[in-house]
Amino acid sequence: MTIDIKREELLISQLADLLINDNHVAVGAASPIPGAAALLAKEEARYLDKRLRVTILHSSRYNNFTDGARELFDCAAQGRIDTFFLGGVQIDGQANINLVGTGKYPHTKKRFPGSFGSPLMYFVVPQIILFREEHSPRTLVQKVDFISAPGVSDDKIYRPGGPKYLLTNRALFKFNKKNEKFSLLKLNENETSDTITKLTGFDFDIHEDLSYMSWPDNKRLDIMRNNVAPMVSEFYPEFANKIWGV
Amino acid sequence: MTIDIKREELLISQLADLLINDNHVAVGAASPIPGAAALLAKEEARYLDKRLRVTILHSSRYNNFTDGARELFDCAAQGRIDTFFLGGVQIDGQANINLVGTGKYPHTKKRFPGSFGSPLMYFVVPQIILFREEHSPRTLVQKVDFISAPGVSDDKIYRPGGPKYLLTNRALFKFNKKNEKFSLLKLNENETSDTITKLTGFDFDIHEDLSYMSWPDNKRLDIMRNNVAPMVSEFYPEFANKIWGV
Amino acid sequence: MKSFEEFTLKEIVDQIEDGFLLGIPADYSGVPMAFTKELINKGFKNLRLYCLPLTTIQGDMLIGSGCVSEIETAAVTLGEFGLAPRFSEAVEKGNIKIKDSTCPALHAQLQATEKSVPFMPLRGVIGSDVQKNRKDWQIISNPMKSAGVENEPILLLPAVQIDVLVFHAACADRNGNIQIGRRRELATLAHASRKVFVTVEQVLETDFFEDELSAATCLPSLYVDGISEVKNGAWPCMLPGVYPSDNEEIKKYSLAAKTKSSFDEYMKFFLNS
Amino acid sequence: MKSFEEFTLKEIVDQIEDGFLLGIPADYSGVPMAFTKELINKGFKNLRLYCLPLTTIQGDMLIGSGCVSEIETAAVTLGEFGLAPRFSEAVEKGNIKIKDSTCPALHAQLQATEKSVPFMPLRGVIGSDVQKNRKDWQIISNPMKSAGVENEPILLLPAVQIDVLVFHAACADRNGNIQIGRRRELATLAHASRKVFVTVEQVLETDFFEDELSAATCLPSLYVDGISEVKNGAWPCMLPGVYPSDNEEIKKYSLAAKTKSSFDEYMKFFLNS
């Protein structure tokens, strides 16, 4: 059965597993996989008679806000968003993320778009899931060249939120706030802790429950393909078409 | 001709004279005479091909705001309102106003509603016109019992706005910021500077241009009775009915 | 199935505890009078009221009924029917604590909570007795080198967290979104409240978010913990755009409220109406 | 007679001076591309851009055309078409000054101006390189005794006054009120701007204020200094609820903009289109 499952579907399923305790998941720009995961979790919650609210900024239908572009940040600061997703040109072992560029700032060697809302969201949303498909020493580095948002802050700083997980094509890490370090929690099918060590630019621990990523079962696949796919096609038509042909 | 003119019409006319250089006049709650004056000035401006914007908070038709109850204050702070009207249970010679109560605060002998927006508006609107119909030693006092908003502030305080005029049933005063004192500018027909002195609880100067209030001419009366009266009846029906029978 | 929590008025009242800070909407933003009856019936003693920015008959009735220990407001008034008698007497006798404020400060304190920052600066107000009597307000010398004037005194207002907000609105949609139109102060109030309950004239079988323009008129259900359908829920206050205030009734109240005994008489009638 | 000021695009451009700080709306709030053409044609050299909170093709084109000396933004991107090539190159070569910011800070700085206060506090951000590189931002120890935590470092952001804001909208009414729907960040931008000009698809023979619900969807003409009717005024960007972005064209741009010479070639065509 596993041969039928796309890589993206596995990632969506992994992310959806992390959202089961949430009341409100928000998804920022250019995030089709997190967006699909949030909608999958929402649909599954419905079967359990629970309500999961999903705000997808890129969509007009799943955008719950009416107070302008500011509301996402105010809403998050109020503690009304449980999970948000962030990416990074570079992510380092302390969970610092860089969305600005590589090389010395400001005249970076390679300039990327910018930090967006990450410097606030990373501080106030309890569960930040870092998501970066490319898993390589180029993306997962020892020290980022520019800190768009820091992974940890000292105790005096107001910080109810922060990094909880990092998902890539190859692995899922859990962030440990105490020792400020990631631990390897799940592997994609062709990986071992050795391959991950080689492809990761930072040091990490091995979680005591290290296991392989579990594949979505038939029920979840049904929901994903029948319910979620058409929803995603509203705001990421190209992605939905590529993965599900809708 | 003057016998036909109501006291309220004279006051409306006096206030309208003070609005001719404005772009935007705002009128707060429970102010039918200032509201009528603003609309009169607006109609007269139209004849001169000028535009005067009038915001009457008590009305839905003449309320130009869409950002909630906060917008009046933000708008005023931005310098977008030229004239606003304030009243007072007591007004003193330094133009301090009291909207809170008489006697010792907080357990005032006689408690009134409260300060509303006056502590901000008095600071930021360039032309504040104080309007209190009753002219007596009870209302115009030497020193107010509670300062809802001070008439003057020291130089370090941000204060582009403040008191410019005080109109009562009996007289119009101009406030002189330099010596922090009112000067008597106009008298209603049966008054003299002596009667005003007797009925005023604070010291004031006599303006070098002291004169009697001029009566509205026929053209202004026409506009007031034909154009303004029906407008006012939308938001102050009882007042409009009492004065103009509409 | 409606996809929001339906509450009875009693269930809303059950969410409120003595000592709570209640958000009180102005007369133009939907006064929840039917709810206020239930609240008075429950017999609270120490409710604290935060008015945005003022209250009329709702606040006066709650105070007259002995439910209120403290009120923060820019004004309490019966508008064209004069002073709020129960409020005035309670303040004169020192029976309630009055935190006199001003409209923009009441808005700004909620905006601080909306942004989850400890304070909000405000211009004006300095030197008034309103400011001088607020020990929770603070004046600092402008610390900002890149804006404003050096050494300028700046007033700081603390963030205020409302415990429960209840207001009345024209309608909700089937997903629990509330139509507030231009009354956007209700959004700020909701953002700054732990729990929000709304009484509505009716629940419509529609989805305000299906259309961009109708979406723009609503408070998202995200901020709403429960809804109760109550016809004439603002009576005798107005519900802007739906019905005017019942001026006969408010006048009757304004006269009755002049003394404690005629107020009590009136309230017996009112609570059973 | 329309009761608002009608401007041509050229007349709007004539209100702008080199050195001005321009308000730049995000791609979802109505990008004034027709106006941007005229702006580039005029040959400005030192415009400063304030993005709320980001810009796409508008900013990249203005930078590529040499009109910009400074940009304050949370991001410049062509979205699904990748990086903004002219922006990236200009920053890498040090040809423009970049004030890297973050969305909530860009909103808060305008809210400070909206309230006429010198600064606005914001939580988060502290310890990032975004914060460390902003000399106009300041960290103070929480001065507020009645709220927040003692000694907590608090970030203060300066009020920013926009000189001119130009955006594109679906429609204006005959009194010059602009329909902005849910795009309320445009209201904040307008409140914080000295001059506001709006290009619209059409002017409707109606009055948005005649109805409470349509009033709620608009920016009052009070904040608008001039209006220009321009069909497809956002092309090739989207105008939400009216037309989608022309992805073919933006893709064409994204490829052309990769080098200075093919960008110049493209702009010759674009400015005459």
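Worth knowing before you read on, the calculation uses all heavy atoms, side chains too, and leaves out hydrogens, waters and symmetry mates. Chain A is the first sequence line, chain B the second, and so forth, proteins listed ahead of strands; every chain is numbered from 1.
- Contact of R184(C) with chain D is made through the side chain alone, with heavy-atom distances under 4.5 Å.
- The minimum heavy-atom distance linking V117(C) with L122(D) is given by the pair CG1-CA, 3.7 Å.
- Ranked by non-hydrogen atom pairs under 4.5 Å with chain D, the options D136(C), L213(C), T217(C) are led by L213(C).
- Counting only heavy atoms from C-beta outward, the side chains of P118(D) and R123(C) approach each other to under 4.5 Å.
- Annotation: maximal heavy-atom pairing with chain D below 4.5 Å, among G148(C), S214(C), A215(C), occurs at A215(C).
- Looking at L157(D), only its backbone comes within 4.5 Å of chain C, counting heavy atoms on both sides.
- Contact tally against chain C (heavy-atom pairs below 4.5 Å) for E152(D), Q111(D), K135(D): the top residue is Q111(D).
- Remark: side-chain polar atoms of R182(C) are not paired, donor with acceptor, to backbone N or O of A216(D) under 3.5 angstrom.
- The NZ atom of K115(C) sits 7.0 Å away from atom CE of M120(D), with the distance rounded to the nearest 0.5 Å.
- In this structure, the portion of I140(D) lying under 4.5 Å from any heavy atom of chain C is its side chain and not its backbone.
- The residue among A112(C), G181(C), G241(C), P143(C) with the most heavy atom pairs within less than 4.5 Å of chain D is P143(C).
- Between W137(D) and M144(C), the closest heavy-atom pair is CA-CE, 4.4 Å.
- Interface remark: Q179(C) contributes side-chain atoms only to the contact with chain D (heavy atom separation under 4.5 Å).
- Q138(C) places a side-chain N or O within 3.5 Å of a backbone atom of K145(D) that can act as its donor or acceptor partner.
- Of the listed residues A108(C), A147(C), P121(C), the one with more heavy-atom pairs under 4.5 angstrom with chain D than any other is P121(C).
- Summarising the local packing, NZ of K195(C) is surrounded by 12 or fewer heavy atoms from other residues, nucleotides or ligands at distances under 6.0 Å.
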